[in-house]
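Lettering follows sequence order; numbering is per chain, from 1. Since we're looking at a predicted model, the values are computed, not measured.
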There are 2 protein chains.
Amino acid sequence: MRELNERRKCILRAITDVYIDTAEPVGSTTIARKHNLGISSATIRNEMASLEEEGYVYQPHTSAGRVPSDKGYRYYVDVLLEIPEVTSEEYKKINQLAEYRKEAIEKTIRRTTKLLAELTEYVSVAVIPEHRNATFRHIQLVPLDVHNILVILVVDPGFIENRVLSSPRAFSPEQLDEISAYLNQQLRGKRGEALTKTLLSELNNIVPEARGLISSITDIIQSVLTDAKDDVVVVDGLLNILDQPEFQDLDRTKLVLSVLENRKVLSKVLSSLSRNSGLTVQIGEENESPELKDFSLVTATYYHCGHNLGTIGLLGPTRMTYGRAMSLVKEVAMYLSELFDLL
Amino acid sequence: MRELNERRKCILRAITDVYIDTAEPVGSTTIARKHNLGISSATIRNEMASLEEEGYVYQPHTSAGRVPSDKGYRYYVDVLLEIPEVTSEEYKKINQLAEYRKEAIEKTIRRTTKLLAELTEYVSVAVIPEHRNATFRHIQLVPLDVHNILVILVVDPGFIENRVLSSPRAFSPEQLDEISAYLNQQLRGKRGEALTKTLLSELNNIVPEARGLISSITDIIQSVLTDAKDDVVVVDGLLNILDQPEFQDLDRTKLVLSVLENRKVLSKVLSSLSRNSGLTVQIGEENESPELKDFSLVTATYYHCGHNLGTIGLLGPTRMTYGRAMSLVKEVAMYLSELFDLL
DNA sequence: TTTAGCACTCGTCAAAGACGAGTGCTAAGA
DNA sequence: TCTTAGCACTCGTCTTTGACGAGTGCTAAA
């Protein structure tokens, strides 16, 4: 990408700023009036024509003003944009999330997603990491009544799984304790692979009557620790996009909403982004999925002890306020990482 | 409400059926043609005028056909409608919910709500009962590490609460066991009121070092068992209403969606309905909340051992397919009740 | 009591035209 | 060579107009 000269930079920035603000194609006179660059509208028109030739802006129709193209937004984000600080107001709200630190990780992420949606007018998304990288921390077997056993599995970092197992046979608390004690001793800090056949048969030897129960329990552990289930995608503020002027057309909006609602597309996109690190901006057609070609996606990954945990971000029209979105997303991801490191 | 004569019944039924199907005002000729009642359109026009006079139908404008009023729908539901059986297809899907029986009650209800939304083109809603009526079943304290203790509280029917407590002091597993054993022994099957000061001070005597921890734990129990938190309202298929032809106007739709999304209104309406028993149909202005005046709400309560547990239902335009909605909601509520009785 | 006939109402849709925002081009000035 | 005033031109938007038709209520005859 060739450098633009200073004047064209100014004009592109002006076009983008105004368009982000108004959602209307920006004409030469508007720029000449508002951003007094000491330049007439005619000159601006000439420069605009050049910018169009180079693909930074385009005209929706002949007699309209200019709108930034994906390439234009890209240049804007990479070169022209100054990322603002988050306001103290916002900072305060983000830090209030800590009140909920006592909940499981998943709820914290949901709450954070909600906050992002509330602070912006965009759709907030997050992947709650699958447990594939999780390690065993603790298992607890609680006899609920004669036939039902509550299995509580705690994995690192911070996930808690509850399942109820029904069994025709009754087991004594001691038997259950033996099973859980053994598992806790053997598996602590380990991954799913640690659940070997040897281990299993040894456990069966210790409590031979509980063969069936043991296999159910280890199934649960296995599935929680290693199964490649789909990442959980959290979406909040879906209806925010209804307030965006580009979604006045009901049919198109319905299409878009259904794409965002069913989550498959998002799951794919976010999962692939979670391999990146730091702050990422995907603009329009840069998105992997053609369904998102009218959207931009600002994401950041959050960590647990330096370990890539998941992705959180904002999805809006390409005409989004990149600066604010980027600063918020970054701040929130950093905050989450700090929070989880305390766990 | 006076009885209508047979012919008017037929005409009202025809108007309602056709209008529910097409969402277009129904003219006299349409009825004369489709439902050959052996009667001319002119006669039907006369009868329609009478029906209008009595308030069962109205004209959106002078030269339009007739549309059922709330009163008309009410008569239709009460007198004219035959409630169909659920199809075997639907029955099968409902019964597949049982596969998830092993999960906590809350998830089952969420899943059921989702199914209702998928089976219909309406918005599916449910109240997950607050725990106010819950009784204590079991508590388990799991030391996660030196400073964090996982509190697992199981209440009847079938709710499981997880909380993590951080404590500057370390406690031995034995101490934790003493606390939980005591609580389990004293509180089993009891309500929040059982958590008396006497009990608390006795517990403090048993493990005096854990005064702070004990008060955190009992706070949790207290809040889960008795605190008047808002009912959790589950909404699914919110976007289904976008497919309804009456919601083509984007502004109105946005308004409606925001009402349904924020849940306060729904919470109020559903909570008051949960006092009813059996199948309830609220039509248009019959709804407590003016925001729902264009909607009908079909709900049923579900039970646990004869005890009123919560409400589940469907929300659609007044022009909804009452028969199918009613049969589905009823079936689903019955199914849930049976399921929970097994717990 | 029913119904054919007819005048009347009124919403919808498409075509036509006014309007105006914005452009590109040209030519003159710095 | 760069800038800019001027101007003709384009084209989307909004409003007006009129044709169309679905549906009505009323009247009068069967």
Stem segments of DNA chain D by first residue number [Watson-Crick or G-U, under 3.5 Å, at least 3]: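 Stem list for DNA chain D: C:1-30 with D:1-30.
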Touch class at under 4.0 angstrom, heavy-atom based, for A/S41 against every strand present: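 No contact at all - A/S41 keeps every heavy atom at 4.0 Å or more from the nucleic acid.
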Earlier contact from the 5' end, DNA chain C, for B/P60 and B/S40: B/S40
Residue met sooner reading DNA chain C from 5', once A/N46 and A/P25 are mapped to nucleotides: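 With A/N46 and A/P25 compared, the 5'-side residue is A/P25.
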Sequence-distant partners of A/S124, side chain to side chain donor-acceptor pair (under 3.5 Å), two or more places apart: none
Pairing residues for B/E286 by the side chain to side chain donor-acceptor pair (under 3.5 Å) criterion, not counting sequence neighbours: B/R74
B/Y322 and B/S296: side chain donor to acceptor below 3.5 Å: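 B/S296 and B/Y322 do have a side-chain donor-acceptor pair below 3.5 Å.
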Pair B/E288-B/S272, side-chain donor/acceptor within less than 3.5 Å: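 Judged by distance alone, the side chains do pair up.
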A/D243/B/K254 under salt bridge (Lys or Arg N to Asp or Glu O under 4.0 Å): CA gap, chis, key distance, verdict: CA-CA 8 Å; A/D243 294 330; B/K254 275 200 285 199; 3.8 Å; yes
Between B/F295 and B/F247, ring centroids under 6.0 Å: yes
Candidate pair B/R8 and B/E47, rule salt bridge (Lys or Arg N to Asp or Glu O under 4.0 Å), full reasoning: CA-CA 7 Å; B/R8 289 190 188 162; B/E47 296 288 36; 2.9 Å; yes
Flag, side chain of B/K71 to backbone of B/E54, donor-acceptor distance under 3.5 Å: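 The answer is yes, because a donor-acceptor pair under 3.5 Å joins these two groups.
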Dump every N/O contact between nucleotides 13-19 of chain C and the protein below 3.5 Å, one line per pair.
none

Charged N-O contact under 4.0 Å between B/E118 and B/K93: no
Nucleotide range of DNA chain D lying under 4.0 Å from chain B heavy atoms: D/dA22 to D/dG25
side-chain hydrogen bond (donor to acceptor under 3.5 Å, both in side chains) pairs, two or more places apart, involving residues 61-70 of chain B: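 Those involving residues 61-70 of chain B are B/E52-B/R66.
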